[in-house]
Amino acid sequence: LQSDHEELTDAIDAVEAGVMARLGTEAIVPLIQRFHTVLVEHLDREEDLVVPVLLELTPQQAAAVVDAAAVSEVNFALR
């Protein structure tokens, strides 16, 4: 999932760069389509891998896992 997040960031950056460069529809639509594909694939994978594990935890355990993941994401973003 970590590499998914990197790919998502790249796709977002590409769309943002296209918008900032004022690319026309023909050029920006493929960038948006790529972002959509990457996002949906990531969410599907996350749902398949993470949700079943979370459902086996108590609410307190699940909250701790989610909090730890949020800290991990912040640390990754700060690199």
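Only heavy atoms go into these numbers, but all of them, side chains included; no hydrogens, no water, no symmetry mates.
With values rounded to the nearest 0.5 angstrom, Asp4 atom CG is found 9.5 Å from Leu43 atom CG. Atom NE2 of His42 is separated from atom OG of Ser3 by 9.5 Å, given to the nearest 0.5 angstrom. Rounded to the nearest 0.5 Å, atoms CG (Leu49) and CG (Asp44) are 10.5 Å apart. Residue Glu41 holds its CD atom at 6.0 Å from OG1 of Thr37, rounded to the nearest 0.5 Å. Residue Asp13 holds its CG atom at 11.0 Å from CZ of Phe35, rounded to the nearest 0.5 Å.
Two residues are said to be in side-chain contact when any heavy atoms from C-beta on lie closer than 4.5 Å; Leu31 and Val19 fail this criterion.
Val15 and Ile28 get closest at one heavy-atom pair: O-CD1, 4.0 Å. Residues Glu47 and Pro52 approach most closely at O-CD, 3.2 Å, considering heavy atoms. Taking all atoms of both residues into account, the shortest heavy-atom contact from Val38 to Glu7 is CG2-OE2, 3.6 Å.
Val29 and Leu23 fall into different hydrophobic clusters, where Ile, Leu, Val, Met, Phe, Trp and Tyr are joined by side-chain heavy atoms under 4.5 Å apart, directly or via other members.
Under 3.5 Å, the side chains of Thr58 and Gln61 contain a donor-acceptor pair of N or O atoms.
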What do the steps show when you test His5 against Glu46 for side chain to side chain contact (heavy atoms under 4.5 Å, CB included), and what is the final call? CA-CA 11 Å; His5 288 196; Glu46 200 167 61; 3.9 Å; yes

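Of the possible polar contacts, none joining the Glu56 side chain to the Val53 backbone as a donor-acceptor pair under 3.5 Å is found.
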